[in-house]
Undergrad: 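Pasting a structure below so you can have a look.
The residues of the chain are indexed from 1 along the displayed sequence. All figures in this text were calculated on a predicted structure; none of them were measured in a lab.
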Amino acid sequence: MAREIALQSIRNIGIMAHIDAGKTTTTERILYYTGRVHRPGDVDDGATQMDYMEQERERGITIMSAATTCSWRDHRINIIDTPGHVDFTSEVERSLRVLDGAVAVFCGVGGVEPQSETVWKQADRYGVPRVAFINKMDRLGADFDRALQSMVERLGAKPLPLNIPVGVEDGFRGVIDLMSMEAKIYHEEDLGATFDREPIPSELAADAETARAALLETVAEIDEELMELYLAEQEPTIDQLRAGIRRATLAGQLVPVFCGSSLKNKGVQDLLDGIVDYLPSPVDRPAIVGRALEKGVPGGEEIRRRPDDEEPFSALAFKILADPFAGRLAFMRVYSGTLAAGKVVLNVNTGKRERIQRLLRMHADKREDLQEVRTGDIVAAVGFKEIRTGDTLSDQAHPLVLDEMTFAEPVIYMAIEPRTKADQDKLGAALQAMADEDPSFQVRKDPDSGQTVIWGMGELHLEIIVDRMQREYKVACNVGRPQVAYRETVTKEVVAHGEFERDLAGKTNFAWVELAIGPGEYGSGITFVNEVGPQDLPEEFAGYVEGAVKQACATGVLAGYPLVDLKARLTGARWVEGESTEMGFRNAATGALWDGAKAADPVLLEPVMTVEVTVPPEFLGDVTGHLNSRRGRVLGMQQRGADQVIHAEVPLVEMFGYATQLRSLSQGRGVFSMQLARYEPVPEKVAREITRLYAGA
């Protein structure tokens with residue numbers, strides 16, 4: 001079957017931003033101008049295409065990333081609209097893993113906000129080229145230059161404005177295109193679908209000339225071809241300039257910036273042109289790199305797959321969704337080859353062959369059946385019996401394993417139980433389905449109380465989980481209060497010994513180990529180093545010690561929270577031929593680890609959040625004082641439009657219920673956002689109370 005559209009004409013992009021910067025509204029306008037929908041939806045009315053969940057429409061926020069497809073200038077644009085709330089940042093993480101480019105949407109008033117920084121760093125990690133859209137230029141306090149400066153200061157980016165606004169705030173009428181040096185004034189009567197091209201207003205001519213000169217100089221500094229023209233004092237053609245900007249964008253050296261107002265239907269067509277002109281197609285991205293299987297497990301030689309239909313099929317499942325009509329949908333990005341509906345693929349991570357019953361092109365919660373998918377496609381597949389986020393799908397004859405995705409550990413938890421016996425089985429099935437969908441949501445059984453405990457990234461995350469369980473899965477349940485996920489670590493190095501010698505079933509079990517236990521680097525988890533040579537201890541026994549140490553660290557010595565950032569060195573061991581066993585070394589290592597941790601001055605760690613509060617100036621004192629009373633540290637303040645922005649760090653446990661209290665303090669006019677900064681030691685008085693409660697339990 002012939003390819004429907006050339007691979008060079010595909011754009012796989014994500015729309016990413018801080019909450020309330022206008023991502024979903026921008027996506028709705030893109031769908032409208034590309035003819036995908038006949039009328040754009042409005043977030044405030046709960047009528048958007050992309051936010052289709054009841055919880056999204058009620059709250060006016062994106063919770064779950066949604067995929068859609070549209071066309072512009074004979075290019076196919078596959079779009080993933082991602083959440084902006086920090087509790088759902090794993091949705092952004094897994095989307096960026098499979099995308100070729102991204103659109104970063106910034107508020108014209110707020111500029112770069114906390115979650116904007118988070119998603120920008122995620123895109124940096126995956127090397128995703130970006131264009132930016134400064135939205136809400138019609139809002140009171142909007143400032144295009146200030147928003148650009150915030151990109152430089154907070155992101156370390158090199159923004160390249162390709163248009164500038166005509167008018168400000170409620171006088172915003174259109175944009176000046178710095179490539180063609182003309183003004184575009186949008187028509188209100190057809191929701192901005194058409195616009196007039198006009199000469200640049202005389203009062204803006206000087207600003208436009210300055211911005212155009214800065215554009216040429218910035219690109220010439222980076223691109224050799226344009227540098228030659230610049231030094232020869234030759235004006236580049238629009239095509240030459242566009243090609244130079246594209247090269248710099250794909251190399252991550254520049255970020256083309258557009259401005260507009262999605263809600264007021266201005267400037268989005270220029271953004272669409274920017275997506276086509278400057279963001280990469282699949283062939284512009286490096287070949288995907290995986291590993292061959294060696295004895296059935298990953299770790300063999302490196303394999304590269306070019307983005308080509310003639311290569312063996314390879315894809316990554318980046319999202320699992322429980323669909324009430326189609327069953328489990330596995331969203332996948334096809335990196336190479338082709339796949340027809342009804343064919344069998346290999347899930348390399350499980351080792352199982354799975355028949356693909358249906359292939360679907362998604363438009364939010366609507367779907368279109370496909371007979372075949374090809375390189376560069378982002379689609380959903382039906383038919384998998386067993387699949388997880390991050391699994392590699394491959395041609396049976398040419399298996400390879402792509403790097404799995406990693407997600408942040410959840411920071412809060414709460415107990416949950418069914419209200420009736422009839423809800424018991426339904427509860428387990430519902431929790432399992434949602435854990436399959438969301439890798440940042442975990443379900444655990446408390447070994448002491450037997451309670452089911454759910455773990456998430458924040459209060460809103462767990463609130464949505466419980467709400468979905470009651471609405472979608474019809475499970476009535478009771479939940480406890482949210483609790484903070486503390487951690488434990490050690491602060492000095494000690495040497496500890498563990499010995500196990502016992503006769504069991506007529507056989508002697510003997511082992512003796514010496515461990516040096518000490519603090520590791522922040523964020524390093526558990527590090528194990530074997531300093532005993534194989535002549536003194538067989539490698540298999542050393543492996544048992546390592547496994548036991550890592551398993552024992554799951555339960556700390558102060559309050560039962562996991563030990564983290566700990567380094568354990570195996571410095572000595574004794575064994576006896578015929579008497580030393582796996583059980584012996586596991587028990588000896590566990591005893592040494594716990595004894596060492598108790599002696600190494602253990603401390604409790606708590607999650608500390610970076611908090612940004614925006615309030616009118618008359619409430620500044622009350623809000624600042626309240627943050628201080630919650631063990632907060634105010635790091636600084638700045639003016640943003642008419643409002644004051646407070647930057648602070650506050651322990652997560654002190655932020656429970658803060659939204660309600662901030663509304664009370666600011667007459668409903670304050671807003672805040674927060675994200676995890678780091679773990680740090682709990683003050684001694686608070687730690688004593690936590691350990692006392694643990695000992696009492």
Side-chain angles (χ1 to χ4, degrees), residues 103-112 116 120 129-137 142-169 172-185 197-261 266-267 269-271 273-279:
V103 175
V105 179
F106 301 108
C107 173
V109 180
V112 175
S116 307
W120 193 271
R130 279 143 278 180
V131 299
F133 183 62
I134 309 294
N135 191 25
K136 302 191 177 185
M137 291 307 302
D143 188 322
F144 184 61
D145 291 334
R146 189 177 65 218
L148 289 173
Q149 189 59 32
S150 71
M151 291 179 65
V152 175
E153 293 172 356
R154 300 189 66 170
L155 305 176
K158 193 161 189 176
L160 181 74
L162 297 186
N163 58 29
I164 59 175
V166 175
V168 293
E169 299 177 344
F172 177 66
R173 299 183 297 127
V175 300
I176 294 172
D177 187 334
L178 297 177
M179 302 289 279
S180 61
M181 290 301 280
E182 61 185 356
K184 297 178 178 177
I185 307 301
R197 298 177 184 272
E198 300 179 357
I200 296 171
S202 57
E203 68 274 14
L204 295 174
D207 290 343
E209 287 294 340
T210 301
R212 166 78 175 189
L215 186 158
L216 293 174
E217 185 175 337
T218 301
V219 183
E221 286 175 0
I222 292 170
D223 189 80
E224 287 186 15
E225 291 185 29
L226 292 179
M227 173 62 83
E228 291 178 11
L229 293 173
Y230 186 78
L231 293 175
E233 298 185 356
Q234 293 180 25
E235 180 82 7
T237 65
I238 288 181
D239 286 343
Q240 287 174 321
L241 188 53
R242 192 174 287 132
I245 296 170
R246 179 177 178 80
R247 287 189 292 269
T249 304
L250 298 189
Q253 297 169 305
L254 286 178
V255 180
V257 182
F258 304 88
C259 68
S261 168
K266 296 176 176 68
Q269 291 96 322
D270 276 15
L271 174 62
D273 285 336
I275 290 168
V276 168
D277 290 337
Y278 307 119
L279 290 183

Undergrad: Compute whether any side-chain donor of one residue and acceptor of the other, for Asp270 and Asn163, lie under 3.5 angstrom apart.
TA: yes
Undergrad: Do the side chains of Asn135 and Cys107 get nearer than 4.5 Å, heavy atoms only?
TA: no
Undergrad: Output yes when a side-chain donor or acceptor of Arg242 lies under 3.5 Å from a complementary backbone atom of Met179, and no otherwise.
TA: no
Undergrad: Distance-only, no hydrogens or angles: does the Arg146 side chain make a donor-acceptor pair with backbone N or O of Val109 under 3.5 Å?
TA: yes
Undergrad: Could you measure the distance from the CD1 atom of Ile185 to the CD atom of Glu198? Nearest 0.5 Å is fine.
TA: 5.0 Å
Undergrad: Does Ser261 have any side-chain hydrogen bond (donor to acceptor under 3.5 Å, both in side chains) partners at least two apart in sequence or in another chain, and if so, which?
TA: Asp138
Undergrad: Measure across Phe172 and Gly260 and return the closest heavy-atom pair with its distance rounded to 0.1 Å.
TA: CZ-CA, 3.7 Å
Undergrad: For Thr218, check side chain to side chain contact (heavy atoms under 4.5 Å, CB included) against everything at least two apart and list the hits.
TA: Lys158, Leu160, Leu254
Undergrad: Applying salt bridge (Lys or Arg N to Asp or Glu O under 4.0 Å), which residue pairs with at least one partner in residues 202-216 are found, sequence neighbours left out?
TA: Arg212-Glu235
Undergrad: Sequence neighbours left out, what passes side-chain hydrogen bond (donor to acceptor under 3.5 Å, both in side chains) with Asp273? Give chain and number order.
TA: Trp72, Arg73
Undergrad: Evaluate the criterion side chain to side chain contact (heavy atoms under 4.5 Å, CB included) for residue pair Leu162 and Val257; output intermediate values, then yes/no.
TA: CA-CA 6 Å; Leu162 297 186; Val257 182; over 6 Å; no
Undergrad: Looking only at heavy atoms, which two atoms of Pro201 and Val166 are closest? And how far apart?
TA: CG-CG1, 4.4 Å
Undergrad: Where is the tightest heavy-atom contact between Thr249 and Pro129, given as atom of each residue plus distance?
TA: O-CB, 3.5 Å
Undergrad: Quick check for you: to the nearest 0.5 Å, what is the distance between Leu241 atom CG and Leu216 atom CG?
TA: 6.0 Å
Undergrad: Give the minimum heavy-atom separation between Asp145 and Asp143, together with the two atoms involved.
TA: N-OD1, 3.2 Å
Undergrad: What heavy-atom pair brings Phe258 and Gly274 nearest, and what distance separates the two atoms?
TA: CZ-CA, 3.6 Å
Undergrad: Is the backbone N or O of Val112 less than 3.5 Å from a side-chain atom of Arg154, with the two atoms forming a donor-acceptor pair by type?
TA: yes
Undergrad: Ignoring hydrogens and geometry, is there a side-chain-to-backbone donor-acceptor pair from Gln240 to Thr237 under 3.5 Å?
TA: yes
Undergrad: Residues two or more places apart in sequence or in another chain: which of them pass side chain to side chain contact (heavy atoms under 4.5 Å, CB included) with Ala211?
TA: Ile164, Leu178
Undergrad: Between atom NZ of Lys266 and atom CZ of Arg173, what is the distance when rounded to the nearest 0.5 Å?
TA: 10.0 Å
Undergrad: Return the CG to CD1 distance between Leu279 and Ile275, rounded to the nearest 0.5 Å.
TA: 6.5 Å
Undergrad: List the steps, then state whether side chain to side chain contact (heavy atoms under 4.5 Å, CB included) holds for Glu221 with Tyr230.
TA: CA-CA 9 Å; Glu221 286 175 0; Tyr230 186 78; over 6 Å; no
Undergrad: Using the side chain to side chain contact (heavy atoms under 4.5 Å, CB included) criterion, which residues pair with Ser202? Sequence neighbours excluded.
TA: none
Undergrad: Which heavy atom in Ala220 sits nearest to a heavy atom in Met227, and how many Å separate them?
TA: O-CE, 3.1 Å
Undergrad: Who are the side chain to side chain contact (heavy atoms under 4.5 Å, CB included) partners of Ala147, not counting sequence neighbours?
TA: Ile134
Undergrad: Can you list everything that forms a side-chain hydrogen bond (donor to acceptor under 3.5 Å, both in side chains) with Gln149? Sequence neighbours excluded, please.
TA: Glu153
Undergrad: Pairs in or reaching into residues 246-256: which pass salt bridge (Lys or Arg N to Asp or Glu O under 4.0 Å), with residues at least two apart or in two chains?
TA: Asp223-Arg247, Glu225-Arg247, Arg246-Asp284
Undergrad: Could you give the distance from NZ (Lys136) to CZ (Phe106), rounded to the nearest 0.5 Å?
TA: 14.0 Å
Undergrad: Hey, what do you get for CZ (Phe144) to CE (Met137), rounding to the nearest 0.5 Å?
TA: 7.0 Å
Undergrad: Please list, chain by chain and in numerical order, all residues satisfying side-chain hydrogen bond (donor to acceptor under 3.5 Å, both in side chains) with Arg197, sequence neighbours excluded.
TA: Glu182
